[in-house]
Enquirer: 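Let me give you the structure first, and then I'll get to my questions.
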Amino acid sequence: METSKRTKIKELLNSTAFGSIITVKGWVRTFRNNQFIAINDGSTINNIQAVVDFENTDETTLKRITTGAAVSVTGELIESLGKGQKVEIKVKRLEILGDSDAEKFPLQPKKHSLEFLREIAHLRFRTNTFNAVFKVRHALAFAIHQFFNERGFVYMHTPIITASDAEGAGEMFRVTTLDFDNTPRTEEGKVDFKQDFFGKSTNLTVSGQLEGELAAMAFGDIYTFGPTFRAENSNTTRHLAEFWMIEPEMAFYDLKDNMQLAEDLLKYVIKHAMDTCADEIEFLKNRLLEEEKQKPQDERSELDLAAKLNFCLNNDFERLTYTEAIEILKNSTPNKKKKFKYLIDSWGADLQSEHERFLVEKHFKKPVILTDYPKEIKSFYMRQNDDGKTVRAMDILFPGIGEIVGGSQREERLELLENRMKELNIPAEELYWYLDTRRFGTAPHAGFGLGFERLVLFVTGMTNIRDVIAFPRTPKSAEF
RNA sequence: UCCUUCUUAGCUCAGCUGGUUAGAGCACAUGACUGUUAAUCAUGGGGUCCCUGGUUCGAGCCCAGGAGAGGGAGCCA
């Protein structure tokens, strides 16, 4: 009888135990020449070839070996008789575990467009590209926990549902159990949230930072890694309505410490992905090279994916202030020749993505950390510099991605923080718990937010953020 | 949300100045072949030309509106 024991393909492809009888279970990728089955079980991006003795196998079984079918194959592991692979399985027994109607199964042994695969996101894991992408995604997630754990950080789970809409960090998704057809009203005619589940208006979190700061004021070093929700109507290749974010918060860190931690973290996790996903990154590198062949010469990347990642590991990120960046941009060729859509003429303007791209991709040609932005374009909680104009903010900009990290040293001085909140009409009463950290044993501290999917984009070389999360949520789209 | 491009077979895409029966490659089916590498060869089936309305003797093609998708911008991670 069929046993449930099986060997993973990853193990077999490196095995030299020729002559041993093994069982493999997986899904058929292609069936060539009526005898060669390429089987993939997800353990590796590579397939194993199982060779069927078609003359002694009944025809109805052979007909059921179709792309997508789940099979169990038992046979002898042998040195491959053909070129193209080292080992193969000489099939002794083949069982179809699950049929796949070849006429209806959308995946074919051919190249599919990413747009088409996005429409069948429930099946796209079964392609080489998505196998590689999600292996890398896993490796990066694992490495993030490992990095922080090695450094004694505490992993905090901050709430998903929050009642504070005081932060003003973008549009939020409302959480409610109220009956929309019959909403309870107050005497003034407004929706009466007192009758809602939590007795007040609640939303999905847009950031765990404020709660993270509370924990940092006890544990010293903490981080969060969880889902984040933004109801912004963003339709771009680098925004999602539901995404994952890593937010470390460190007591007694200043901005320099903060930058160093972020750079160390990024390099650590990229290195871990390269070490543990060599096959996957090799595949993604070649995929990208193929794709770029369609593009004109001047739009192709100078470095291939592996070289780009290595370059990132071997060079220090460029650190400069917003003011220095403005000077560079002001004197840049595209600015003088009026090639920028938004010309840089004065200090204080927010940098457009064309400016960030110029700095990262043309001028420095490596990751850039910009610091000390004008306070007007940054959040209320950032520590104010003595110049009265700038705050201790930092953004890390990556080639092709833009902002991958946004962070700051936090304003730990109660009076300055309260004044800033007043200027920006942020209700201090609602955030009393946040301000308590400044009232009781306040201390310098800093932190940042790292967009996980943007990191996965960079490491996989994919170009659309919807292709590095399993089931993307974007405006007008929440399929699966 | 704004700008822009696109939507023709299961997939990728042709389709001339608006002209009578809308094509190719892959996939699929049947057969041949049998150490293939997205196997090959032959034959065959397969279409709401995104939707609605309009112009015209005649619309896949022109016009208007709508839907969906891609790219860019803004917001940001």
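All values below were derived from every heavy atom in this structure, side-chain atoms included, with hydrogens, water molecules and symmetry-related copies excluded. In the text below, chain A, chain B and the rest are named by the order of the sequence lines, each starting its count at 1.
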Enquirer: So which nucleotide does B/rA64 pair with, by the Watson-Crick or G-U wobble rule with both distances under 3.5 Å?
Expert: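 B/rU52 is the nucleotide pairing with B/rA64.
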Enquirer: When only distance counts, do a donor and an acceptor, one from the side chain of A/Asn235 and one from the base of B/rU1, lie under 3.5 Å apart?
Expert: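 Looking at the base of B/rU1, it does pair with a donor or acceptor on the side chain of A/Asn235 (distance under 3.5 Å).
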Enquirer: Decide whether a cation-pi geometry holds between A/Arg454 and A/Phe452; the criteria are a distance under 6.0 Å from NZ or CZ to the six-membered ring centre and an angle within 45° of the ring axis.
Expert: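 No - A/Arg454 does not lie over the ring of A/Phe452 by the 6.0 Å and 45° rule.
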Enquirer: Hey, does the side-chain of A/Glu88 have a donor or acceptor N/O within less than 3.5 Å of a partner on the base of B/rG35?
Expert: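 Indeed, a donor on one side and an acceptor on the other fall under 3.5 Å apart.
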Enquirer: Watson-Crick or G-U wobble partner for B/rG31, using a 3.5 Å limit on both distances?
Expert: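 Matched B/rG31 with B/rC41 under the 3.5 Å cut-off.
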Enquirer: What is the pairing partner of B/rG25, taking Watson-Crick or G-U wobble pairs with both distances under 3.5 Å in any strand?
Expert: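 Matched B/rG25 with B/rC11 under the 3.5 Å cut-off.
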Enquirer: With rounding to the closest Å, how many angstrom separate the C1' atoms on B/rU8 and B/rC3?
Expert: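 Each nucleotide's C1' atom is 27 Å from the other's.
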Enquirer: Distance check, C1' atoms only: B/rA24 and B/rG66, in whole angstrom units.
Expert: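 Approximately 32 Å lies between the C1' atom of B/rA24 and that of B/rG66.
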Enquirer: With a 3.5 Å cut-off and heavy atoms only, can you find an N or O donor on one side and an acceptor on the other between the side chain of A/Glu115 and the base of B/rU7?
Expert: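 Side chain to base: no pair present.
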Enquirer: Can you see if the side chain of A/Arg32 gets near the phosphate of B/rA39 - specifically, an N or O under 4.0 Å from OP1 or OP2?
Expert: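 True: A/Arg32 side-chain N/O within range (under 4.0 Å) of B/rA39 OP1/OP2.
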Enquirer: Suppose you measure atom C1' in B/rG60 against the same atom in B/rG72; what distance do you get, rounded to whole Å?
Expert: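 The answer is 29 Å between these two C1' atoms.
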Enquirer: Checking base pairs now: Watson-Crick or wobble, both atom distances under 3.5 Å. What partners B/rU1?
Expert: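 Base partner found: B/rA73.
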Enquirer: With centres under 5.5 Å and planes under 30°, do A/Phe243 and B/rA77 count as stacked?
Expert: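 Yes.
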Enquirer: For the pair A/Glu76 and A/Lys92, find out whether any cationic side-chain nitrogen is under 4.0 Å from an anionic carboxylate oxygen.
Expert: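 Answer for the salt bridge query: yes.
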Enquirer: Flag this pair as yes if the NZ/CZ of A/Lys308 is under 6.0 angstrom from the six-membered ring centre of A/Phe458 and inside a 45 degree cone about the axis; otherwise no.
Expert: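 Yes, a cation-pi geometry.
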